[in-house]
Protein chains: 2
Amino acid sequence: MQLNNTSKYAIRILSYISNKGQCSAKELSEKLSIPYKFLTKITTELVKADFILSIRGREGGYKLSRESCNITIMEILKHFNEFNHQKECLLGIGMCDGKNKCGMHDQWAKPKKMIQDMFENTTIENLEKNSYKI
Amino acid sequence: MQLNNTSKYAIRILSYISNKGQCSAKELSEKLSIPYKFLTKITTELVKADFILSIRGREGGYKLSRESCNITIMEILKHFNEFNHQKECLLGIGMCDGKNKCGMHDQWAKPKKMIQDMFENTTIENLEKNSYKI
DNA sequence: GTTTAATTCTACCTTTTAGTAGTATTTAAC
DNA sequence: GTTAAATACTACTAAAAGGTAGAATTAAAC
């Protein structure tokens, strides 16, 4: 019941960039304690997905490609396959809906809704500032 | 944001045994569509953790070692390391508490509590009957 | 007491996730 | 135009999760 590392890193990276305006991969790696090579792999992915834009060459770095209030956590998680849309029931094997319930379908319904709403309504702007310090 | 396979299987196994009273690994494997060898690995673990007891030899099988209403989902999940107790914040790096917050600490608090309560208050007895059919 | 159907043990293989290494490309500064 | 500091690309390695294989042990049934 946790996010995978890539998703976690992505959120923290976007949050840091948002607070700094622009910054290099080197700075991100050091401040967020994310292995440099792994970090650039993720940032490259974030560029392709248009969350950030890259400035190459000397004095380069990354910037948000949109306003932080327009980047929801849900969007990030979906990009990194954290939500499989349909079946996302806890024990979900095959299709799990109102008719074909998994064992925990009813109990899971409320918390699930709450989490989804939270991820949809939370944007990079809303995140605790300086959370990267932890 | 899903349980790992082992935890899912464990819950479904216990649910099935609960409904059947006693059953063999072969039956569990077939009815729950869990690979036989992987299933027995999990049941052996469930025996050691005293969720079930095994009856060896011919006509053997597994039984719950306690009443189904006394086995909470939380207990199962904790056994399979689904909850790391302390830091379980979404982005949680290092310790994440009221003073040292991860970026999503505040937003995550409510859904997290809701999920934990749900897992603690849900027992094997409460699960949808025949959920294994899916 | 032999057989048979069951659980248990040890060791291995496969897939996915996480992380590393090295080189190529870009571009501002000088 | 050379240099230096940055990102991007390709390919590999390591660790964890998921799954398999085969032989050993147990005990009811006959």
Side-chain angles (χ1 to χ4, degrees), chain A residues 1-13 16-17 20-65 77 79-82 84 91-93, chain B residues 1-13 16-17 20-65 77 79-82 84 91-93:
Chain A
M1 293 301 294
Q2 266 210 322
L3 303 178
N4 61 42
N5 272 4
T6 306
S7 303
K8 288 187 206 173
Y9 287 161
I11 293 169
R12 292 171 61 220
I13 289 166
Y16 189 92
I17 295 175
K20 273 292 255 188
Q22 179 180 333
C23 65
S24 70
K26 186 159 176 282
E27 177 178 352
L28 283 166
S29 168
E30 285 166 359
K31 292 290 171 56
L32 301 183
S33 300
I34 301 174
Y36 179 80
K37 287 289 191 179
F38 194 40
L39 178 126
T40 57
K41 193 184 245 181
I42 297 170
T43 50
T44 299
E45 185 61 30
L46 289 172
V47 169
K48 283 180 184 162
D50 195 38
F51 287 107
I52 57 179
L53 50 87
S54 70
I55 299 142
R56 296 187 68 158
R58 199 164 163 162
E59 306 287 297
Y62 302 101
K63 276 183 181 174
L64 292 191
S65 59
L77 297 183
H79 186 80
F80 289 101
N81 292 317
E82 199 75 51
N84 288 354
L91 307 177
I93 328 107
Chain B
M1 294 301 294
Q2 267 211 320
L3 303 177
N4 61 43
N5 271 4
T6 307
S7 303
K8 288 187 207 173
Y9 287 162
I11 294 170
R12 292 170 61 218
I13 289 166
Y16 189 91
I17 295 175
K20 275 290 258 192
Q22 179 180 333
C23 64
S24 70
K26 184 157 176 286
E27 177 178 352
L28 283 166
S29 167
E30 285 167 358
K31 290 291 171 57
L32 301 183
S33 300
I34 302 173
Y36 179 80
K37 286 290 190 178
F38 193 41
L39 178 126
T40 57
K41 193 184 244 181
I42 298 170
T43 50
T44 300
E45 185 62 30
L46 289 171
V47 168
K48 283 179 185 161
D50 196 36
F51 287 106
I52 56 179
L53 49 84
S54 70
I55 299 141
R56 296 186 67 156
R58 195 164 165 161
E59 306 286 297
Y62 302 100
K63 275 183 184 175
L64 292 191
S65 60
L77 297 183
H79 186 80
F80 289 101
N81 292 316
E82 199 76 49
N84 289 355
L91 308 176
I93 328 106

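None of these values were measured; they are calculated from a predicted model. First the proteins, then the strands, lettered A, B, ... as listed; each starts at 1.
Remark: K26(A) engages E30(A) in a salt bridge, criterion side-chain N to carboxylate O under 4.0 Å.
Rounded to whole Å, atom C1' of dT25(C) lies 17 Å from atom CD1 of I55(A).
Candidate nucleotides dT7(C), dC9(D), dT7(D) were compared by shortest atom distance to the side chain of Y62(B), and dT7(C) ranks first. Closest contact between the side chain of K26(B) and the listed nucleotides dA6(C), dA11(D), dT7(D) involves dA6(C). Of the listed nucleotides (dT7(C), dT20(D), dA29(D)), dT20(D) has the atom at the smallest distance from the side chain of K37(B). The side chain of S54(B) lies closest to dT8(C) when the candidates are dT7(D), dA6(C), dT8(C). You'll find that the side chain of T6(B) is closest to dG18(D), out of dG19(D), dG18(D), dC9(D). With dG18(D), dA27(D), dT8(C) as the candidates, the nucleotide lying closest to the side chain of R58(B) is dA27(D).
Contact annotation for T44(B): backbone-only contact, meaning every heavy-atom pair under 4.0 Å involves sugar-phosphate atoms and none involves a base. Across all strands, Y9(B) comes closer than 4.0 Å only to sugar-phosphate atoms, never to a base (heavy-atom distances).
Remark: the backbone N or O of T40(A) is paired with a side-chain donor or acceptor of T44(A) at under 3.5 angstrom.
At a cut-off of 3.5 angstrom, counting only N and O atoms as typed in the model, there is no donor on one side facing an acceptor on the other between the side-chain of R56(A) and the base of dT26(C).
Across every non-hydrogen atom of L32(B) and R12(B), the tightest pair is O-NH2, 2.9 Å.
Projected onto DNA chain C by closest heavy-atom contact, F38(A) and Y36(B) fall at different nucleotides, the more 5' of which corresponds to Y36(B). Two residues, P35(A) and G57(A), neighbour DNA chain C, and the one matched to the more 5' nucleotide by heavy-atom proximity is P35(A).
At dG19(D), one or more side-chain N or O atoms of N5(B) fall inside 4.0 Å of OP1 or OP2 (strictly under the cut-off).
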